[in-house]
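We name chains A, B, ... by the order of the sequence lines, and we start the count at 1 in each one.
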Amino acid sequence: MQETRIILNKVNNNPICAKEYVENGGYEAVKKAVQMNPKDIIDIITDSGLRGRGGAGFPVGLKISFVYKTNSDQKYIICNADEGEPGTNKDRVIFETVPHSVIEGMIICGIASGATKGYIYLRWEYPQIYDILTKVLDSARESGFLGEKILGSEYDFDIEIYVGAGAYVCGEETALIESIEGKRGEARFKPPFPGVEGLWGKPTLVNNVETLANIPLIINNGSSWFHQFGTEKCSGTKLFTLCGNINKPGVYEFPIGVKLQDLYAFGGGVPKGRKLQAVQLGGVSGSIISADQINVEMDPDTLASKGMTFGSGSVLFIDDSQDMIDLLENIMEFFLHESCGKCTPCREGNLRLLEIIRKFKNNTARLEDIDTLMDLSSTMMCTSLCGLGQSSPTAIVTCIRNMKEVFTNRIKGEQYCG
Amino acid sequence: MVKVTIDGQTIKVKEGSTILDAAKKLNIWIPTLCHHPDQAVKANCRICVVEVDGQRVLQPSCAFPVSDGMVVHTHSQKVRSARSNILELILSHHNQDCLHCPRNENCELRIVAEKLGFNKELRYPLHIKEGKDTSSPSIVRDPSKCINCGRCKYVCDEIQTVYAITKENRSFETIYTTSFGEDLASSPCVNCGQCVQACPVGALTIHDDTEKVWQAIDSDKLVIAQVAPAVRITLAEALGEEPGSISTGRLVTAMKQLGIDVVFDTDFTADLTIMEEGTELLGRLKNGGVLPMVTSCSPGWIKFCETYYPDCLDNLSTCKSPQAMFGALIKTYYAEKLDKKPHDVYSLSIMPCTAKKYEANRPELGRDGYQDIDAVLTVQELAKMIKSAGINYKTLPDTPFDKPFGLGTGAGEIFGATGGVMEAALRTVYEVVTGEELKDLDFKEVRGFEGIKESTVPVGDLNVKVAIAHGLGNARKLMDAIRAKEVDYHFVEIMACPGGCIGGGGNPIKNWEKMANRLKSVYEEDKNLPQRKSHDNEAVKELYTQFLGHPNGHKSHELLHTNYTNRSNILN
């Protein structure tokens, strides 16, 4: 199987240089967009079926139209580059190879929605990307793609980089906005949605890096071209990060709907002498499935129908050398560290889940602890304020559902010996 | 209007209403904790979640707006299970010393647990936060009770703009605390106690001085108490009666039954304050003194001004607060009259205010090594003593205040509400300046709960421009305008607490609905008093004749006036 590269298609010798990007067909979409009616831009993106690549999969055209429809003296575009989901490195790869495509996507979103100011919210752990982006923005400005009256048009648009402070929750769009405003990174209650009241109370469009990188492709090639990739309900490609016990870890681009077992084969399988035990899909907040469930299409709708998650496209392979309870302990330690502490279920619940997982680790768990895990998890998933607390129990719940023996074995007092 | 169906009942409510608003209209109770009727939506405790048809997850009813045709279930299996689990999480991280918690009776968490019929065993090990802080003379902070609702921070930041409370750490370790973990006493806290009023549980309570007072009662000392204007409005409420129940006579009876020897009325020194402050104002107007002159009755406001507006200290009236004036008189004039030494007399104040406890400790309010006030009890604490002594407050007969300082006028009484000091001053200043009798005593423009009120009152040749702010957020706006010279008032009244003293931190737990009843009673009490102007107070006149001489005279300056301290270094 071959990769299908549309986002990572043309990688220039010097990805930072706007001129070189232009020489290879770059910024054509911006040139087109300044001549277009904003409504037509939104229509093309809507028709393309592009859905957000950050994890929630919201239709992008619809999201832009919310900002477009809200009247305001100031609107904002935010590029969510707080790539904090463990096991996900796609945004980094995009910035290292095709950074101008993201800038282009932001400018087009600005033109389509009426925003004149953009922010790239960059995760603190990516200092090298900060250096790249600073130069990329300078280069784009020099070539007249950013600033006042872009390409002599009526549109103004410029971009500022905002570096986060390392909190996972700031990948959630409203916590991200709070963070830019200089406040504690905590999610806001929605409604109002950012499209109506976002940064500084103004209509704000927040899109993931990968989502934005798709937009110039759609403007250049049209929506029907985009539909040739992916599934009917979710078109395009996806950058999958293959990681864990896999022979060829890395970021690879495939059409949405690619089979998980094909990704596994592409990655070269688990190290020699080992057997695949499980896969976690979509990062630490994603679902755990057992090795016998990998004959599945990797698209958000198919996965959701099976109780699995697509998320950010992270695929963590877990071979039989790993102790699943150890893994769950590690995941819950992560969430215990990263919960912002605002809402009760997440603030209090993650510790309790971890405490119970540790009972399994210490062989002191009882059968009813499995019920408590499921009961508490279901409350956290349906009452937490933001996606963090709503998804932090996913690994536990899916592991119980798909690999219950992991837990029942420990109740009998069996130790894992890998 | 939109139509919404909750638990099978349909109702039309205003667009923009929350599910909780709509449920209240239908008399459906939904448990809440972080929700406060006078605060913005926080939606963080999640105890109020309900099931909304078409929504993927449960939604907090305190925040979720209704829409036309919405169908809501408030006690479905999913909701019951979620509420129970959330409550269990909160209880597992909460000090369970309910039997001896000061908030036992009216703890919102306990009430929610009781109403939900929660009586299962906790499945999780109990974790209790440490770091109880008793450094402040006014407020005790007990993190072991805190449920992280954020109501204290909201009132401290948004209403009072004091910013003494900060949220630290993340996740399970999240706490509401002071900046850099310093003591409350060394923080910018101004002791107003509005956080105590906002706290749903026992995490913020009043510093309890009742034991100290019991000991004084049991000692050989002569215990002399003064009772602030607002106390007679809110004490009965603290003992279970309706908000606004006036109990002037009963409270004197109860205090006598507790063993307090003499009970005076702070309305008296409120009148005295008007004589001193009115004279000071006229002096400033005549001699080109610093204007506007700003009132100094509210100790929370004074500390706020000393901290945030040290450059404006000359605007403050040099008059001590009525409590402090009374303390000075008790320990000097009255003690002498009884042929007693100051330390044989125990000077006790009953106040609606937690900051008065702080004020009583100010070094300048005393002399020769003693303080003018030995103890301050808030309304909540006095109510506690009355209850514990087995006194049935409801059925007590009336007793008048003791003489000679038991006489107060309506002007002194309205000190209890925002605008009251201003109105009392205007009644006197008008008559003193013009020599004419004031026909209408009610200055309606300075009354009510609007944040900042303004009025211009013709007094003789001068149009006196006045402004009133209550709540320190409003005070800040007003002071910023004064500092920037955008306004040219002559006289300004500022009270630290929203609504004035009837909204003070030492009162029973309040909201604006209760406050409206309290306010009504203040003006009712004013109307009912035989004298309504401070300069008509015979006891005040007699005090000037016998002891003080004249307002702003030498003796007054020695006993009734004070000075202030720049405290801006607290912010460094």
Check whether [X] gets within reach of chain A through its side chain, its backbone, both or neither, counting any heavy atom under 4.5 Å.
X	result
B:K167	both
B:Q59	side chain
B:R56	side chain
B:S84	neither
B:E51	neither

Under a 4.5 Å heavy-atom cut-off, does chain B meet the side chain of [X], its backbone, both or neither?
X	result
A:A187	neither
A:L336	both
A:E186	side chain
A:P191	side chain
A:S378	neither

Taking all non-hydrogen atoms of both residues into account, name the closest pair between [X] and [Y] and its distance.
X	Y	value
B:P60	A:F189	CG-CE1, 3.4 Å
A:S384	B:R46	O-NH2, 3.6 Å
B:R170	A:S339	CB-O, 3.4 Å
B:P125	A:R352	O-NH1, 2.7 Å
A:T379	B:S81	OG1-O, 4.0 Å

Atom [atom1] of [X]: over 12 foreign heavy atoms under 6.0 Å:
X	atom1	result
A:W124	CH2	no
A:K183	NZ	yes
B:E130	CD	no
B:D68	CG	yes

Tell me which of these, A:G185, A:A167, A:C343, has more heavy-atom pairs under 4.5 Å with chain B than the rest.
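With the most close heavy-atom pairs to chain B, the winner is A:C343.
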
Selection from [options] maximising heavy-atom pairs under 4.5 Å formed with chain A:
options	value
B:A43, B:A63, B:G150	B:A63
B:N148, B:V41, B:I47, B:N169	B:N148
B:P65, B:C34, B:C45	B:C45

Once you round to the nearest 0.5 Å, how far does [atom1] of [X] lie from [atom2] of [Y]?
X	Y	atom1	atom2	answer
B:L58	A:M381	CG	CE	13.0 Å
B:N44	A:R347	CG	CZ	7.0 Å
A:T383	B:K78	OG1	NZ	10.5 Å
A:E348	B:I147	CD	CD1	10.0 Å
B:I86	A:M380	CD1	CE	10.5 Å
B:L87	A:T344	CG	OG1	10.0 Å

Run the side chain to side chain contact (heavy atoms under 4.5 Å, CB included) test on B:Y124 and A:I356 for me, step by step, so that the C-alpha distance in whole Å, both residues' side-chain angles and the decisive distance to 0.1 Å come before the verdict.
CA-CA 9 Å; B:Y124 317 118; A:I356 301 171; 4.3 Å; yes

Would you say A:E355 and B:H127 are linked by a side-chain donor-acceptor pair, where the criterion is simply a distance under 3.5 Å?
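Yes, A:E355 and B:H127 have a side-chain donor paired with an acceptor closer than 3.5 Å.
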
Short N-O contact, B:R123 and A:D369, less than 4.0 angstrom:
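A:D369 and B:R123: not salt-bridged.
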
